[in-house]
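The structure appears below as C-alpha cells.
So that the names make sense, note that chain A is the first sequence line, chain B the second, and so on, each numbered from 1. Just so you know, these numbers come straight off a predicted model, no measurement behind them.
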Amino acid sequence: MINNIKNRIKKELEQKLNDKFDQNVIVIVEEPKKAEQGDISIPVFSVVKVLRKPLPLVVETVKEFLGTISDAHLIAKVDSVSGFINITLDKEKYAALVINNYNLNSENYGSNKMGLNKTVCIDYSSPNIAKPFSIGHLRSTIIGHSIGNIMEKCGYKVVRINHLGDFGTQFGKTIYAYLNWGDEAKVKEHPVAELVKLYVEFNDRAKIDKSIEEEARKIFTELEKGNPKFVELWEFIREESLKEYMKVYKLLGVQFDSYNGEAFYNDKMLAVVDELKEKSLLKKDQGAMIVDLGEQIPPALIQKSDGSTLYITRDLAALFYRKNTYNFSEALYVVGNEQKLHFNQLQQVVGLMGYDYSSDIHHINFGLVLQDGKKMSTRKGKIVKLEDVLKEASKLSLKYINEKNPGLKNKEVTAEKIGISAVIFNDLKNYRTNDFEFNLEEMVNFVGQTGPYLQYTSVRIKSILDSIKESQSEIDYNLFTKDHIFEIIKNISQYEDIIIKSKEEYSPSVVAKYLLNLASLFNSFYAKEKVIVDDLVERHTKLCLLRMVKDILDDGMGLLGMSAIQKM
RNA sequence: GACUCGAUAGCUCAGCUGGAUAGAGCAAAAGCUUCCGGAGCUUUAGGUCGGGGGUUCAAGUCCUCUUCGAGUCGCCA
C-alpha cells in the first residue's frame, strides 16, 4: 500500500514539474532508513540536475506541489534536510486507511490480481528415482512449493509438476547391481534403501572395473527397447520410490498436480528432433547432432552419436507438452545453479525455433548445499538423508518442548511441526541463489531468526486473543501516533508490496525476512505495552492490531510452507 | 584457459531503481518477570563493505583491473 502512495507521488510530481519547466525530470521516491526522518523521502538532486535551478528553489517548488497531490490529506509534515524532502504521514489517518483496507479484504489480505487468468507451470522437486532423495532435492522442493503458494496469492493458476527422473542410465546401473549381487528378500523389504545401496555400490565397483559401466548401458538400451524383464523391474523401482517420496511430501505438506517424469516424454522426443531438422537448426558435429548457439555459449547437444537423445531434448519435449496442455504464461524450473548453462541453452533453442514464449522460461536457480565447504555427493557414501534430517530436527524440538513446556499435549505432533518448519524456514530465509552450508545445529537452533521464533510469536498472540472475550468498541486511532505502534501498522500496510516483490524475484526469502521483522516489532511492542487494559477502547484497538499481526504471520508462514501451531 | 555466480561485524546473513550516520540474528558482556506465554525484551561491544583504480553532487550498490572461493564448459541429469 505504501508503494502505491509512493508511486502516485512520483507520477504526480513528475507531471507537475514537467508541465511547469517543460523538462523531462525523474523523481525518486523512497523510504528513509531511519524512522525519525519520516515515512517517505524524496532526494531532489536528480531534479536539480535536469532543471538546472538552485536547490532551494527546487525544494520549495516540490514542497508546494506536495500540498496539491491527491494524497496530500495523508501528509502531516514535510521537512527538507540538505537536499532530501522528508514526508511524515498523518499517523491517525494512515492507520485508519490501513485498518479499513484490512477489514475489506481480511479473508485474503495481501493478495493481488496480477496473475488473473494466467497459468504458471512450476517444475520442482523432481528427484532421480533409484538415487537417494538428498538434501539437495529438499531445496528444490521447498523453494518450488513456496513460490507456487506466493504466485497463487498473486492470482495465478499454478500447475505444480514433479518432473521425476524416472529414466536414464542410472536404471541400467541399479538393475545391473540388483541382478548381480542384489538380495531379493532385502529389496522387497526396504526397496528404496536397498536400491540406493546397490546404486552406491555399483559406483564404487565401477571405479575398479570400468566394464560394468558398459553392461549397465546395455541394460538401459534394452530397457528403452522394452525388454519385459527390465521393464517390470523398472516399474517396481518407480512405484516403490514414489511411495517413499510421498511420505516425505506428506511430512513437508507438499503436493503436485503432475508426476509426469522423463519416461512420460520418451515417445515425444522424435518429434522434437524432426522439428529441429525441419527448421534446419540441427548440425552434425563429431558424430552427434547439435544446435549451434553462436560464439557466446557452447552448442546444445540434441542427439548422441548412437542416436539416443539427451536431457535437453527431453526438456524441450516437456516444454512443448506443457505449453500445449496448460498454455502457461510462465514456465519455472526450480533447479540448482549448476544447470544454468543448460537452461540458457534451452531458452535459446526455443527462441531459434521461433517460439516467442522463450522469454517466459525462467530458471529459478538456487545455491548448493555444502558440507565443510564442499558439494554433497551421493557417491562418496556419506549421504545425508532427508528423512534423517527431519527426524533429528523433530527430536531436538521435542527436547526444547520438554524444557520449556513439559505439560503440553500432543508433544510429538507439535515437535514434528516445529522441527520441520524450522528446516523449511532456515532454507527459505536466505536468498535462494546463495550457497548453503549444511549445519544441523544451526538449522534447529531455536533462538533468533528462526521458524520457531515466528511460530512462538503467533502462538503468543493467539493465547492473548483466546484469553479475553471481546466487546465491540470503537478504535482509538490516536494510539497509532506512538512510534513503535505506528511502525507495526506501516509494516502491515507493506504486506502486499512484499508479496509482489517476492514474486518478482521468485524468492520466498523476501517474505521470510519481512515476517521476522514483523514478529520482532510485535515482540518489542508486547514487552512495552499491556494489551488487556481496563479501557475498552484501547483494549479493542490493541486486539485489532494483534489480530492483524497474527493473520499476517500465519498467512506468511503458510506461503513459506510452514505449519500452523496452536500451542507450543 | 573461457564464461557465470559469490566475497559486507568472530559466525550466519539483510541492504530495493546509486542517496543521509552500512543494518539484523548468533556467539560475548550487562540487565529485565507483583501484570496478558521469558523459545521473549532492553542495553553494550563488534566494520579498510576482499584489494587497487575510475564514473558521479553522492558508490556496499555502476565500470575496470586484481585476489580468493564455487559452478559450468558436446555425447550424465
*Fit a plane to each ring of A:W234 and A:F167, take the angle between them on a 0 to 90° scale, and name the class: parallel (under 30°), tilted (30 to 60°) or perpendicular (over 60°).*
perpendicular
_In terms of relative ring orientation, are A:F202 and A:Y176 parallel, tilted or perpendicular, with 30° and 60° separating the classes?_
perpendicular
Quickly work out the [X] [atom1] to [N] [atom2] distance and round it to whole Å.
X	N	atom1	atom2	value
A:F343	B:A77	CZ	P	13 Å
A:Y514	B:C13	OH	P	25 Å
A:E30	B:C16	CD	P	11 Å
A:D435	B:G71	CG	P	8 Å
A:Q345	B:C75	CD	P	12 Å
A:K6	B:G19	NZ	P	12 Å

With heavy atoms under 4.0 Å as the rule, sort [X] into base, sugar-phosphate or nothing.
X	value
A:E505	nothing
A:L310	sugar-phosphate
A:Q296	nothing
A:E504	nothing
A:Q303	nothing
A:D166	nothing
A:V459	base
A:I290	base
A:I468	nothing
A:T457	nothing
A:P452	nothing

*Looking at A:F264, does the NZ or CZ of A:K268 lie under 6.0 angstrom from its six-membered ring centre and within 45 degrees of the ring axis?*
yes
Does a side-chain N or O from [X] land closer than 4.0 Å to OP1 or OP2 of [N], or not?
X	N	answer
A:K34	B:G23	yes
A:K404	B:A39	yes
A:K429	B:G25	no

If you check every side-chain atom of [X], which of [options] has the closest atom?
X	options	answer
A:D285	B:A39, B:A20, B:G74	B:G74
A:L341	B:G23, B:G37, B:U72	B:U72
A:K513	B:C73, B:G25, B:C13	B:C13
A:Y311	B:U4, B:C75, B:A77	B:A77
A:A288	B:G71, B:C36, B:C75	B:C75
A:S463	B:G37, B:G71, B:C36	B:G37
A:S41	B:A39, B:C36, B:A20	B:A20
A:N128	B:C5, B:G23, B:A77	B:A77
A:N86	B:G37, B:A39, B:A20	B:A20
A:K340	B:A24, B:G74, B:C5	B:C5

Which whole number of Å gives the distance between the [atom1] atom of [N] and that of [M]?
N	M	atom1	value
B:C49	B:A22	P	11 Å
B:U55	B:U12	P	35 Å
B:G25	B:G40	C1'	14 Å
B:A45	B:A24	P	13 Å
B:C63	B:C73	P	26 Å
B:U21	B:A59	P	11 Å
B:C62	B:U4	P	15 Å
B:C57	B:G18	C1'	12 Å

Give a yes or no on whether the backbone of [Y] and the side-chain of [X] come within a donor-acceptor separation of less than 3.5 Å.
X	Y	result
A:Y526	A:T457	no
A:S397	A:A415	yes
A:H363	A:V335	yes

*A:S397 or A:E262: which one's nearest nucleotide on RNA chain B is closer to the 5' end?*
A:S397
*Does A:Y431 or A:P43 map to a spot on RNA chain B nearer the 5' end, using the closest nucleotide for each?*
A:Y431
Are there any protein N/O atoms within less than 3.5 Å of an N/O atom in nucleotides 40-43 of chain B, and if so, which ones and at what distance?
from	atom 1	to	atom 2	distance (Å)
B:G40	O2'	A:R460	NH1	2.9
B:C41	OP1	A:Y453	OH	2.8
B:C41	O3'	A:S524	OG	3.4
B:U42	OP1	A:S524	OG	2.9

_For RNA chain B, please output the secondary structure as dot-bracket, reading 5' to 3'. Pairs are Watson-Crick or G-U wobble, both atom distances under 3.5 Å; mark crossing pairs with [ ], other-strand partners with |, unpaired with a dot._
(((((((..((((.....[...)))).(((((.......))))).....(((((..]....))))))))))))....
*Check: A:S305 side chain, B:C75 base, donor-acceptor under 3.5 Å*: yes
*asked:* Please check if the number of heavy atoms outside A:I26 that lie under 6.0 Å from its CD1 is greater than 12.
replied: no
*CG/A:D306: more than 12 non-hydrogen atoms of other groups inside 6.0 Å*: yes
Taking only Lys NZ, Arg NE, NH1 and NH2, and the carboxylate oxygens of Asp or Glu, determine whether [X] and [Y] approach each other closer than 4.0 Å.
X	Y	result
A:K6	A:E30	no
A:R432	A:D427	no
A:K542	A:E538	yes
A:E504	A:K501	no

Closest non-hydrogen atom pair between [X] and [Y], with its separation:
X	Y	result
A:T313	A:I302	OG1-O, 2.7 Å
A:I499	A:G110	CD1-O, 3.5 Å
A:G367	A:N337	CA-ND2, 3.4 Å

*Ring centres of A:H362 and A:Y333 under 6.0 Å apart?*
no
*Syn versus anti for B:G74, judged by chi lying within 90° of 0?*
syn
Kindly give the atom pairs (protein nitrogen or oxygen, nucleotide nitrogen or oxygen) under 3.5 Å for nucleotides 57-62 of chain B.
none

